[in-house]
Protein chains: 2
Amino acid sequence: METTTSTTPTAKQPRNPMPLNGVDTPTLFATIGAVKAQAELARFTFRTTNQWQRGTHSRTRVESFDGAGGTHEHQRAFTYDADHPQVLVGRDQGPTPVEFLLHALAACLTAGIANIAAARGVTLHEVQSTVEGNIDLRGILGISDEVRNGYQGIRVTFKIKGDAPEQKLREIVEQSRARSAVYDALTNGVPVAIAVDAT
Amino acid sequence: METTTSTTPTAKQPRNPMPLNGVDTPTLFATIGAVKAQAELARFTFRTTNQWQRGTHSRTRVESFDGAGGTHEHQRAFTYDADHPQVLVGRDQGPTPVEFLLHALAACLTAGIANIAAARGVTLHEVQSTVEGNIDLRGILGISDEVRNGYQGIRVTFKIKGDAPEQKLREIVEQSRARSAVYDALTNGVPVAIAVDAT
């Protein structure tokens, strides 16, 4: 077990030209090539719509996104409920919003691991992760102005098995971290603008 | 429509002692009182476990969390798939990880709006929101080191209706922003440590 703190991406690797790990590696390389040639294809807008239900329970729909020069519908509309648990005076109709952050982080890093392993010709046997985050609720409950509202820290623990030496598997995780959209958003922050129509 | 940029929480409001909006307001106030009296009750640890499926598809379970002096099981285990869409060389078995970030943000702000409205004696009729985020995929595709991996910006648009003047409804949204765990995590960033077991 070793905690990754380096921010230096690992050196360029030879590219495996065959599909691997369920990753269509040739199409992935072709996609990267197309975006290199035409940068506007890389501009994506993701969106969700949320509807309050009652109490702390709300429901989100994920249906379409813009990118690669057009609007794309997901194969089906995805719907997710979120709520607070009973100990936080909710009805537990879904996970808390902050648990969805942990899911997003694990899923992003894991997708990257699969892609990078395929690109480097490494067959994966297993990728498991646990993500934990600590929050002191005195922030959101308005009890202390010295306590932040969000997570104070998040820990991700990966267990990874594949047909490569330990060091190479570690480098794949590190490269995924260095190219993860959610890791970047969560560690470096994102400007958020909120507009309100209350008429 | 007005974009909220203030970071000053609104002034203290009189507290409505009755349940409202599906929020058990008396229990909410009692919970805040209990945490004020015993700060260690506020220390929560949330966790998720994720298992790679194939390609960019992974599955997360959300089952239990620690807080209020003990471990709590959710009423049921929640399971969520994430994937990349076909245009990004996935199989679209779930939303992208970055779409789950938008869901988490809307759900957190909306839960806060319901709680704060109840505490202030405002009956809500409707709370809807759309969240959009822009990403330039040249970051995660490794095409440009000058483009960040994560969202460049996120815009939330609320439509809120209730039995209060427009200004009071706006103040409720603003107070929710000022006390949102996900808004804080996403705008200010969180330290993330990654450990790897590759043996």
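Values in this document were obtained by computation on a predicted structure and should not be read as measured data. Each chain gets a letter, A, B and so on, in the order the sequences are listed, and its residues count up from 1.
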For A:His103, is it the side chain, the backbone, both, or neither that has a heavy atom closer than 4.5 Å to a heavy atom of chain B?
-> both
Looking at A:Thr31, A:Val147, A:Leu105, A:Val87, which one has more heavy-atom pairs under 4.5 Å with chain B than the rest?
-> A:Val87
Region of A:Ser180 in contact with chain B, defined by heavy-atom distances below 4.5 Å | backbone
Under 4.5 Å to a heavy atom of chain A? For B:Arg91 that would be both
Under the side-chain contact (heavy atoms from CB on, under 4.5 Å) rule, what do B:Leu169 and A:Val196 come out as? Steps first, then yes or no, please.
-> CA-CA 9 Å; B:Leu169 294 172; A:Val196 180; over 6 Å; no
Turns out that what part of B:Ala39 lies under 4.5 Å from chain A's heavy atoms comes down to both
Which answer fits B:Tyr80, side chain, backbone, both or neither, if we ask what part of it has an atom under 4.5 Å from a heavy atom of chain A?
-> both
Before giving the answer on side-chain contact (heavy atoms from CB on, under 4.5 Å), spell out for A:Phe65 and B:Glu99 the whole-Å C-alpha distance, their side-chain angles and the decisive distance to 0.1 Å.
-> CA-CA 9 Å; A:Phe65 58 91; B:Glu99 287 168 311; 4.2 Å; yes
So, A:Arg54 and B:Asp24, do they make that salt bridge, N to O below 4.0 Å?
-> no
Hey, are A:Asp184 and B:Arg148 close enough for a salt bridge, meaning a charged N less than 4.0 Å from a carboxylate O?
-> yes
Okay, side chain of B:Asp197, backbone of A:Phe158: is any donor-acceptor separation there less than 3.5 Å?
-> no
Any donor-acceptor pair under 3.5 Å linking the side chain of A:Arg179 with the backbone of B:Gly139?
-> yes
Applying a strict 4.5 Å limit to non-hydrogen atoms, the region of B:Leu20 in contact with chain A is neither
Which bit of B:Ser58 comes within less than 4.5 Å of chain A, counting heavy atoms only: side chain, backbone, both or neither?
-> side chain
Side chain of B:Asn50, backbone of A:Thr130: donor and acceptor closer than 3.5 Å?
-> no
Please look at B:Val62 and chain A and tell me whether the side chain, the backbone, both or neither of the residue comes under 4.5 angstrom of a heavy atom of that chain.
-> side chain
Least distance between heavy atoms, A:Asp136 atom then B:Ala42 atom = OD1-CB, 3.3 Å
For A:Gln93 against B:Gln75, the heavy-atom pair lying closest together | NE2-OE1, 4.5 Å
Residues A:Asn115, B:Thr56; criterion side-chain contact (heavy atoms from CB on, under 4.5 Å); working and verdict = CA-CA 7 Å; A:Asn115 276 342; B:Thr56 50; 3.6 Å; yes
Pick one of side chain, backbone, both or neither for B:His74, based on which atoms fall under 4.5 Å of a heavy atom in chain A.
-> both
Min side-chain heavy-atom separation A:Gln86-B:His72 under 4.5 Å | no
List the steps, then state whether side-chain contact (heavy atoms from CB on, under 4.5 Å) holds for A:Val35 with B:Leu137.
-> CA-CA 9 Å; A:Val35 174; B:Leu137 295 187; 5.8 Å; no
Identify which part of B:Asp66 has an atom lying under 4.5 Å from any heavy atom of chain A, answering side chain, backbone, both or neither.
-> neither
Considering all heavy atoms, the nearest B:Val190-A:Gln152 contact = CG1-C, 4.3 Å
Looking only at A:Asp92, A:Asn134, A:Leu101, the option with the highest number of non-hydrogen pairs under 4.5 Å against chain B is A:Asp92
Check each atom of B:Lys161 against the heavy atoms of chain A and say whether the ones under 4.5 Å are side chain, backbone, both or neither.
-> side chain
Closest non-hydrogen atoms of A:Ala198 and B:Arg170, given as atom of the first, atom of the second and distance, are CB-CG, 4.4 Å
Pick one of side chain, backbone, both or neither for B:Leu109, based on which atoms fall under 4.5 Å of a heavy atom in chain A.
-> side chain
Can you say whether A:Phe78 sits under 4.5 Å from chain B via the side chain, the backbone, both, or neither, judging by heavy atoms?
-> side chain
Which of the residues A:Ala106, A:Ala107, A:Ala68, A:Ala185 is involved in the greatest number of heavy-atom pairs with chain B at under 4.5 angstrom?
-> A:Ala107
